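Data first, discussion second: the structure below is written as structure tokens.
Counting starts at 1 for both ligands and their atoms, following the listed order. All values below were derived from every heavy atom in this structure, side-chain atoms included, with hydrogens, water molecules and symmetry-related copies excluded. In this text the structure is predicted, and so the values were computed from the model without any measurement.
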Amino acid sequence: MDWSRYQIAPGAKVRLADFDPSDTGKHKSHHEALPKIEEHVARMAKAQYLLYADGAQALLIVLQALDAGGKDGTIRHLFSGMNPQGVTVACFKQPTPLEQSHDFLWRVHAQAPPRGHVTIFNRSHYEDVLVVRVHGLVPRDVWSKRYDEINAFEHLLGRDGDVRILKFYLHISPQEQLARFKQRLDDPARNWKISESDYTERGFWPQYVKAYEETLEATSTKHAPWFVIPSNHKWYRDLVISRIVVDTLEEMKLKLPPTRVDLKEIAAKYHAAEEREKNGGD
Ligand code: ATP
Ligand code: MG
């Protein structure tokens, strides 16, 4: 799969209208894609085992979307095969008074992945140039400087923390969002997901599009690229993201670390202990 068309080149102009949220590439159906998604998920789990064992590099995955964009589903479908010991999901909601009393990156930096780990951000520091901008929660003078601050922060994570960063914008259409809200209304098991703000935020769609476009333009870098993922079809979203994550992990040249002990010596000790056990203990 050539996913490069979903990647935003550094400095490129972005028009979300140029990306079809219903795109499924050459793929025709969920049925056809499922074995591939499963294969990617298995390879991701294998690579994560090596990342953890190797303990030298980290991976940060940023998920951003409008409400009902599919962040939760993506996390559930793609990352449940990984060893929970080395994976963290960090959700960023409205800042608490304590968080609010710090700079906007304070709470984010604390959740950055340590070496050997994968961290998934369900929303992220990008809210501070998206919702914050759309609702004028801080003056333009403040949010407009945050693009540079974000780039410097992500650069720091990469250079000093060995963190690879992948950022996914889950692109859905307003019609698809409405259909998903309807499902949440109709299905008692999903009622809990509905919030008042979903409908009010929907009214700001054009403002969000503009804010996203400028964000993607200003913060897609070689080290921390943005991808616009067609997400009206959940299976295609899963297929593309899993492929990008697999390719990135496999490119990181992860390997099992060398043994820290003399295996022959340990084996000899083991056999001696086993002998003693057999002969009724020591
Ligand atoms: P779901 O998809 O399940 O609804 P969610 O991520 O939308 O999950 P909510 O609790 O519904 O979770 O909403 C969290 C809200 O917090 C979002 O509306 C988001 O825009 C807002 N938020 C996140 N970070 C900030 C921030 N820095 N400043 C202001 N609002 C923020
Ligand atoms: Mg919500």
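Taking Ile, Leu, Val, Met, Phe, Trp and Tyr as members and joining any whose side-chain heavy atoms lie under 4.5 Å apart, directly or through other members, the hydrophobic cluster of L263 also contains V261, I266.
Residue D128 has at least one heavy-atom neighbour below 4.0 Å for each of these atoms of ligand 1: 27 (N). Residue D67 approaches ligand 1 through these ligand atoms, each under 4.0 Å from one of its heavy atoms: 7 (O). With ligand atoms numbered from 1 in the order given, ligand 1 contributes 20 (O), 29 (C), 30 (N), 31 (C) to contacts under 4.0 Å with heavy atoms of V131. Close approach of ligand 1 to F92 (heavy-atom distance below 4.0 Å) involves ligand atoms 23 (C), 24 (N).
For an aromatic pair to be called close, the ring centres must be under 6.0 Å apart, and F121 with Y126 fails this. Taking the six-membered ring wherever Trp is involved, the centroid distance between the rings of H30 and Y236 does not fall below 6.0 Å. Checked against the 6.0 Å centroid criterion, the rings of F168 and F227 qualify as a close aromatic pair.
Taking a 4.0 Å cut-off on heavy atoms, P95 registers as neighbouring ligand 1.
When heavy-atom distances to ligand 1 are checked against a 4.0 Å cut-off, D72 comes that close only through its side chain, counted from C-beta outward. Under 4.0 Å from ligand 1, the heavy atoms of V132 that appear belong solely to its side chain.
Remark: ligand 1 and S195 share no N or O pair separated by less than 3.5 Å (distance only, no angle test).
Evaluated by nearest non-hydrogen atom to atom 24 (N) of ligand 1, the leading choice among R180, Q94, R107 is R107. When the options K93, R123, K71 are ranked by their closest heavy atom to atom 18 (O) of ligand 1, first place goes to R123. Here atom 20 (O) of ligand 1 lies nearest to E127 when heavy atoms of E201, E196, Q100, E127 are compared.
Under a cutoff of 6.0 Å and an axis angle of 45°, R107 and F92 do not form a cation-pi pair.
Under the 30°/60° scheme for interplanar angles, the aromatic rings of F153 and H125 are found to stand perpendicular. Relative ring orientation between W143 and Y147 is described as perpendicular, the plane-to-plane angle rising above 60° on a 0-90° scale split at 30° and 60°.
Evaluation of the side chain to side chain contact (heavy atoms under 4.5 Å, CB included) rule for E251 yields R164 as partners, not counting sequence neighbours.
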